[in-house]
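Side-chain atoms are counted along with the backbone in the values below, which use heavy atoms only and exclude waters and symmetry mates.
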Amino acid sequence: MLRIATWNVNSLRVRLPHVLDWLALAKPDVLALQEIKMQDEQFPYEQFQQIGYQAIVSGQKTYNGVATLTRFAATDIVKDFPDFVDPQRRVLAATISGIRVLNLYVPNGESVDSEKYQYKLAWLAKLHNYCQQQLQQHDKMIILGDFNIAPDDRDVHDPTAWAGHVLVSERERQALQGLTDLGLVDTFRLFTQDDKIFSWWDYRGGAIWKNHGLRIDHIFATQALAERAESCEIDKKPRKRKRPSDHAPVIAQFRLD
DNA sequence: ATGGCGTCAACATGACGA
């Protein structure tokens, strides 16, 4: 059995108590964190070590930064897409228990007419190439993180208001479809076709209490793993605590032999 | 139409996020 989760914590410094509490309750084997907003030297390795997790980190001051906590050894660590020089720390690949685990913080994109949107699309093209290359070497692969893309209108609280905007725009959705075309499966949709289930809610306007959100945090898996998937769920409880991240953790469970 | 909320770096307020 493998329990693996993803959570954009929006500052690990601020959210450390929530992360420690959630690890104790949810007991994942692996937790992919995004937006840790700290450098490697500031990472609280000891506090995770004390509860049985080792950490691999690609940190960055102020913005971005990803880390993967794991109960099992992590090898073959990669922190950049090949041939893509990027000071922004958004990628962390490792092999854990024979599974290639790719932790991602996909760029936000700001708005569809911005430079940052072009960066997002270019970044997603590099991701596609990297996945294609990795899939040739690994039949068991999990790609998880904050994708900053809602796959379809079921994943959007108000599709009319959001139509054409960044996070739901056609070109981003096509990029995500490109991963599906490579054989990667959105594990959440193996278990429910319900609409209005979200992983992110705006801090403003009490969005969590009105369930005004988006499903933008995902756990994709290759077919070899998808057929062993037992669940994929979003845990809203941490989002309802005081001083929360604006994202909730997503956790999937796989049967392994 | 704008800001709405939170974090960071810094010490005022702008950048950034989604």
Provide a list of protein-nucleic acid N or O atom pairs under 3.5 angstrom, restricted to nucleotides 10-15 of chain B.
none

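Going from the P atom of dA12(B) to that of dA1(B) covers 35 Å, rounded to whole Å. When the P atom is used for both dA10(B) and dG6(B), the distance is 23 Å, rounded to whole Å. When the P atom is used for both dG4(B) and dT13(B), the distance is 14 Å, rounded to whole Å.
As a whole-Å value, the separation of Trp201(A) CH2 from dG17(B) C1' is 17 Å. Here the P atom of nucleotide dT7(B) and the CD atom of Gln34(A) are 17 Å apart, to the nearest Å. Spacing between atom CD of Gln60(A) and atom C1' of dG17(B) amounts to 14 Å, rounded to whole angstrom units. Atom pair Arg243(A):CZ and dG6(B):P shows a separation of 9 Å (rounding to whole Å applied). Going from atom CG of Asp202(A) over to atom C1' of dG17(B) covers 9 Å, rounded to whole Å. For the pair Glu115(A) CD and dG17(B) P, the interatomic distance rounds to 14 Å; values are reported in whole Å. Between the C1' atom of dC8(B) and the CD1 atom of Ile36(A) lies a distance of 14 Å, rounded to the nearest Å. Between Trp209(A) atom CH2 and dG4(B) atom C1' there is a gap of 17 Å when expressed in whole angstrom units.
When the nearest nucleotides of DNA chain B are assigned to Gly205(A) and Glu110(A) by heavy-atom distance, the more 5′-ward of the two goes with Gly205(A). Toward the 5′ end of DNA chain B lies the nearest nucleotide of Lys37(A), the other residue of the pair Lys37(A) and Ile216(A) mapping further downstream.
Here His165(A) lies out of heavy-atom contact (under 4.0 Å) with every strand. Counting any heavy atom pair closer than 4.0 Å across all strands shown, Asn8(A) reaches sugar-phosphate atoms only and no base atom. Backbone-only contact: Asn148(A) has heavy atoms under 4.0 Å from sugar-phosphate atoms and none from a base. Residue Phe198(A) is classed as having no contact, given no heavy-atom separation below 4.0 Å to the nucleic acid.
Formation of a donor-acceptor pair under 3.5 Å by the Arg239(A) side chain with backbone atoms of Pro244(A) is not found in this model. A donor-acceptor pair is defined here as one N or O able to donate and one able to accept, closer than 3.5 Å; such a pair exists between the side chain of Ser245(A) and the backbone of His247(A). Side chain of Thr187(A) to main chain of Cys232(A): no donor-acceptor pair is present (N/O by atom type, distance under 3.5 Å, no hydrogens or angles).
Tyr105(A) carries Arg90(A) over the face of its six-membered ring, with the cationic atom under 6.0 Å from the centre and within 45° of the normal.
Under the rule for a ring-ring contact (aromatic ring centres under 6.0 Å, His included), the partners of Phe81(A) that lie at least two apart in sequence or sit in another chain are Trp123(A), Tyr130(A).
Regarding contacts with the backbone of dC8(B), a side-chain N or O of Ser11(A) is found under 4.0 angstrom from either OP1 or OP2. A sub-4.0 Å separation between OP1 or OP2 of dG17(B) and a side-chain N or O of Arg204(A) is absent.
Of the options Val156(A), Ile234(A), Ile149(A), a side chain to side chain contact (heavy atoms under 4.5 Å, CB included) to Arg215(A) is made by Ile234(A) and by none of the others. Put simply, the residue from Asp152(A), Asp155(A), Asp194(A) that forms a salt bridge (Lys or Arg N to Asp or Glu O under 4.0 Å) with Arg189(A) is Asp155(A).
Minimum atom distance to the side chain of Arg15(A) is reached by dG6(B), of the listed dC8(B), dG17(B), dG6(B).
Looking at Asp146(A) and Gln34(A), their side chains never bring a donor and an acceptor atom within 3.5 Å of each other.
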